[in-house]
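Here the structure comes first, spelled out in structure tokens, and everything after it is commentary.
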Amino acid sequence: MSVRQISVFLESRPGHLRRVLDAFEEAQVSVRGYSASDTGDYGIVRFIVDAPERALAVLRDMGAAATIGDVLCVRLNDEPGELARVMGVMADCGINVTYSYSLISTYIALSVEDIGRAEELLASEPVELVGQDALAAPLARGEGR
């Protein structure tokens, strides 16, 4: 039950991210979460969107260097210690989380080496795994705002 993530390599200059977001809006792609990392003159922006294949096509039409891959998405309970608990499950099982970022509401995307194993381990925990279909649905009024 992984989620598709778009990674795009962008020059770190004013307006580059906005052009991508404007193109997503024009193509009616809704961003559900993103992370931007600066590496000097360039950066990597990761997107979780409602229509990943359409987003990838938009980026490729723009000539952007973009890839698509899978990440694990987990819904956290909105209470103290929840993030620590989930990260603890990963650590206790020897799974390295190479990066993570939050999405709408209390969703987080986790990049792990073995998504299948992580899914199996989390299935016995009080954690709700989230699939791409859940991200494609509109948010309930007020959720994630």
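Any value given below was found using the heavy atoms of this structure, including those in side chains, with hydrogens, waters and symmetry copies removed. Residue numbers count from 1 along this sequence.
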Check: A27 main-chain N/O paired with R54 side-chain donor or acceptor under 3.5 Å
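Yes.
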For the pair E128 and V74, evaluate side-chain contact (heavy atoms from CB on, under 4.5 Å) and give the outcome as yes or no after the intermediate values.
CA-CA 6 Å; E128 179 184 351; V74 176; over 6 Å; no
Evaluate the side-chain contact (heavy atoms from CB on, under 4.5 Å) criterion for residues V127 and R75: first the C-alpha distance (whole Å), next the side-chain angles of each, then the deciding distance (0.1 Å), finally the verdict.
CA-CA 7 Å; V127 170; R75 175 178 265 220; over 6 Å; no
With sequence neighbours left out, what residues match F24 under ring-ring contact (aromatic ring centres under 6.0 Å, His included)?
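ring-ring contact (aromatic ring centres under 6.0 Å, His included) check on F24 returns F47.
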Can we say E120 and R117 salt-bridge, meaning some charged N sits less than 4.0 Å from an Asp/Glu carboxylate O?
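Result for this pair is no, no salt bridge flagged.
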Looking at E79, I want to see if its CD is surrounded by more than 12 non-hydrogen atoms of other residues, nucleotides or ligands under 6.0 Å.
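Yes, CD of E79 has more than 12 neighbouring heavy atoms, counting only those of other groups under 6.0 Å.
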Are more than 12 heavy atoms from other residues, nucleotides or ligands located less than 6.0 Å from atom CD of E125?
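More than 12 within 6.0 Å, yes.
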Find out if a path of hydrophobic residues (ILVMFWY) with successive side-chain heavy-atom gaps under 4.5 Å connects [X] to [Y].
{"X": "M1", "Y": "V49", "answer": "no"}
{"X": "I115", "Y": "M87", "answer": "yes"}
{"X": "L103", "Y": "L21", "answer": "no"}

As a quick check of understanding, evaluate side-chain contact (heavy atoms from CB on, under 4.5 Å) for L122 and M90, giving each step before the final call.
CA-CA 9 Å; L122 290 174; M90 297 285 116; 3.6 Å; yes
Only pairs under 3.5 Å count here: list side-chain donor-acceptor contacts from residues 58-72, not counting sequence neighbours, and write none if there are none.
from, atom 1, to, atom 2, distance (Å)
D70, OD1, R4, NH1, 2.7

Mind listing the side-chain donor-acceptor pairs of residues 5-15 below 3.5 Å, one per line with the distance, residues two or more places apart or on another chain?
from, atom 1, to, atom 2, distance (Å)
Q5, OE1, Y99, OH, 3.4
Q5, OE1, Y101, OH, 2.7
Q5, NE2, Y99, OH, 2.6
E11, OE2, R13, NH1, 3.4
S12, OG, D38, OD1, 3.4

What is the distance from atom CG of L83 to atom OG of S100, rounded to the nearest 0.5 Å?
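If we round to the nearest 0.5 Å, L83:CG and S100:OG are 6.5 Å apart.
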Looking only at heavy atoms, what is the nearest atom pair of [X] and [Y], with distance?
{"X": "E82", "Y": "P126", "answer": "OE2-O, 4.2 Å"}
{"X": "C73", "Y": "V3", "answer": "CB-CG2, 3.5 Å"}
{"X": "C93", "Y": "L121", "answer": "CB-CD1, 3.5 Å"}

side-chain contact (heavy atoms from CB on, under 4.5 Å) evaluation trace for V20 with V45:
CA-CA 10 Å; V20 168; V45 183; over 6 Å; no
For a 4.5 angstrom cut-off between non-hydrogen side-chain atoms, does [X] reach [Y]?
{"X": "R46", "Y": "S37", "answer": "yes"}
{"X": "D114", "Y": "I95", "answer": "no"}
{"X": "V112", "Y": "V97", "answer": "yes"}

